[in-house]
Protein chains: 2
Amino acid sequence: MQSLIDIQKRLLPDLLQVLHKRYSILRHIGFMQPVGRRSLASNLGYTERVLRSEVDFLKEQNLVSINNIGMSLTSEGKNLLEDLEGLIRELIGIDVMELELKHRLKIRKVIIVPGNSDESLMVKEDLGKACAFCMKKYLTGKNIIAVTGGSTMAAVANVLTPEIGKKELLFVPARGGIGEDVQNQANTISSIMSKKTNSKHRVFYVPDQVSNEIYQSLIKEPEIHEVLNLIKSASMVLHGIGDAITMAERRNSKPEIMQKLVTNGAVGEAFGYYFNEKGEIVHKVLTIGLQLEDLAQIPNVIAVAGGTSKAKAIKAYMKKAPASTILITDEGAARMLLKG
Amino acid sequence: MQSLIDIQKRLLPDLLQVLHKRYSILRHIGFMQPVGRRSLASNLGYTERVLRSEVDFLKEQNLVSINNIGMSLTSEGKNLLEDLEGLIRELIGIDVMELELKHRLKIRKVIIVPGNSDESLMVKEDLGKACAFCMKKYLTGKNIIAVTGGSTMAAVANVLTPEIGKKELLFVPARGGIGEDVQNQANTISSIMSKKTNSKHRVFYVPDQVSNEIYQSLIKEPEIHEVLNLIKSASMVLHGIGDAITMAERRNSKPEIMQKLVTNGAVGEAFGYYFNEKGEIVHKVLTIGLQLEDLAQIPNVIAVAGGTSKAKAIKAYMKKAPASTILITDEGAARMLLKG
DNA sequence: ATGGAGTGGGACATAATTTGTCTATGGTGG
DNA sequence: CCACCATAGACAAATTATGTCCCACTCCAT
């Protein structure tokens, strides 16, 4: 059943939209009948003419009847509407969630894949695929793509294809090496991504914590300076979002920092920034590279994070996320986000 | 509660049409790949530009890939196509048509493939595939299979696989060579079938029209006698159904015979028998081999014929066909049959 | 090597459709 | 009777789909 709709969605991407549109028109007519076109249009937020075309169609299908007093459902229309109720809920559940989340989080777009990546590795792969699809959509011509580390980003890297690399791509790590295991470091991931897409990448390894003097001298290194420029002019950023404590542990943070995070109620992490539930920055890993405030300048910011366990972290980070952010998440996280 | 598809038929008939269009494009690409836009367009009956828009869409969806040699399905496209088959069948209402036809024609089973073999060679191949599938289903242990000639049977022969030949098969021509071009003669076809399935076959060449004396002496030839016995003990017969006049022409029938057929209103042909609309035999090519009355003794009789143009012929023949007949036809013929 | 027939992609004028907006006309209810 | 809301008609403007070229390129058979 779900698969049936999925198959159709592939060939008719706007199938659900149209279905939903016609459904909501039917529903409104059922509710307000007999009702005139104008009041219905303003109620539904469509212009009069658009609504009229749809209504003409529905009339053609014998689902609504029109007379001089207004529009009403026929008995056929009433029956169909009842059958639809249940279906719609199931079918467009995810689409509704996407829209709702987009509004709540005040970001550009939300993409939800079914399932829960906490429970199934497959779902994590699906997150990756969704991300790849999204990248393909927004990449145009030459592109510099800045990426961060993390297991989710690693999953993304694994599903990239040369297809995506047909455009001219250059992958760079978004920030200096933040001490995770090599497998999930930004450097490693950007290199895998470039390999998978047959494109180029730059490495960018700088020590995690630097004093100001060292920072100043590092920045003058032409090599580093160049990469920094690349990063700041990126047209796309891919990043994960992590649970604060988990991330801190994974980075082997010092006890005093752990303490600081706990007392300040850190729940989320992204780019080496730690956020509390209000979205305030409570700690920051000092390193060279993309800074949070740089994000606003970047046209496409794609955040990928899924799993019920990450809902809090996502919520926290999204309070500071730029409005141009696209969130790719899963059903588990989405439901949790909508609950809270 | 109606099924999802029924609801969609009601609420989205326009989209379903598009679905069907895109499906048929995918199917044609799958069949003809790699194929160019122009030849595909003329094949499908669309203008170049329309096809192009659709193909652009399919490419966008990652279902077809385009390179300088032509268009092909991606693996995703291939998968989707397979998944679609069932959906489309339901959409067109093929299952319903199959049942209805089975009852109307009073035969054992009807199998319908989508499309119209008058318009597309592909559909003829699909007929063949459906036949192969059906054969596989009804063959058990040792089998003698009697086959007739015709372009449809040739199409069947072409799609047989060694898979089917895992059972012990012996192909024989059902009747003496009825003078068509060698390509479509029963002898040729049974030989191709045996080759394709890695099994055995017997040739059976006797002149078309024989006098009684010659018949008697021929029948005593041990070689011919043996083959005749094989034919009569066949466990399966595969045969085509032809348009009467077309067949007569193809056989270079004498003018007086043509005249006879026309005046008696012959419309269908099978096994060298010509039928009028009432199913009465109006002429018979005199030759040795399987006779119409022998069919009743044969457990599995599979008739394969498709295309709008053959509807009349099918209808005519089916009035005389044994009840054990399985008809494999296409949407074009089926619709026409149901209309009349 | 070479010409021809195939390929995809670009371009563009034109046709067709969708859309926004306004008007005419006619019932309905107070 | 009049104000109000209803549908249907109309139509220009905007948008999209369509038919038709042409071009450069790549095979393949000669």
Quick one: closest heavy-atom pair of [X] and [Y], and the distance?
| X | Y | answer |
| --- | --- | --- |
| Val113(A) | Asp126(A) | CG1-O, 3.9 Å |
| Thr197(B) | Met193(B) | OG1-O, 2.7 Å |
| Ala334(B) | Ile112(B) | CB-CD1, 3.5 Å |

Under 3.5 Å, is there a donor on one side chain and an acceptor on the other for Ser151(B) and Lys124(B)?
yes
Side-chain donor-acceptor pair present, Asn116(B), Thr308(B), cut-off under 3.5 Å:
yes
So, using salt bridge (charged side-chain N to carboxylate O under 4.0 Å, His left out) as the criterion, who are the partners of [X] when residues are at least two apart?
| X | answer |
| --- | --- |
| Glu76(B) | Arg10(A) |
| Arg89(B) | Asp95(B), Glu98(B) |
| Glu331(A) | Arg335(A) |
| Lys196(A) | none |

Chain A footprint on DNA chain D, 5' to 3' - any atom under 4.0 Å from a heavy atom:
dA6(D) to dA10(D)
Expected list for residues 70-78 of chain B near DNA chain C, using heavy atoms below 4.0 Å, is Gly70(B), Met71(B)
If you take any heavy atom closer than 4.0 Å to DNA chain D, which residues from residues 14-32 of chain B end up in contact?
none
For DNA chain D, which residues in residues 35-50 of chain A have a heavy atom at a distance below 4.0 Å?
Val35(A), Gly36(A), Arg37(A), Arg38(A), Ser39(A), Arg49(A)
With respect to Met318(A), which candidate in Leu337(A), Val110(A), Leu101(A), Thr325(A) satisfies the side-chain contact (heavy atoms from CB on, under 4.5 Å) definition?
Thr325(A)
Give a yes or no on this: more than 12 heavy atoms of other residues, nucleotides or ligands lie within 6.0 Å of atom CD of Glu100(A).
yes
Quick one: do Glu82(B) and Lys78(B) make a salt bridge, cutoff under 4.0 Å?
no
Using side chain to side chain donor-acceptor pair (under 3.5 Å) as the criterion, list what pairs up with Asp243(B), not counting sequence neighbours.
Thr246(B)
Between which nucleotides of DNA chain C, 5' to 3', does chain B make heavy-atom contacts below 4.0 Å?
dT7(C) to dA11(C)
Test of understanding: with side-chain contact (heavy atoms from CB on, under 4.5 Å), list the residues that count as partners of Glu226(A), not counting sequence neighbours.
Arg202(A)
Donor-acceptor pairs under 3.5 Å, side chain of residues 36-49 of chain A to any protein atom, not counting sequence neighbours: which ones?
| unit_1 | atom_1 | unit_2 | atom_2 | d |
| --- | --- | --- | --- | --- |
| Ser39(A) | OG | Gly36(A) | O | 3.3 |
| Ser42(A) | OG | Ser39(A) | O | 3.1 |
| Arg49(A) | NH1 | Ser53(A) | OG | 3.3 |

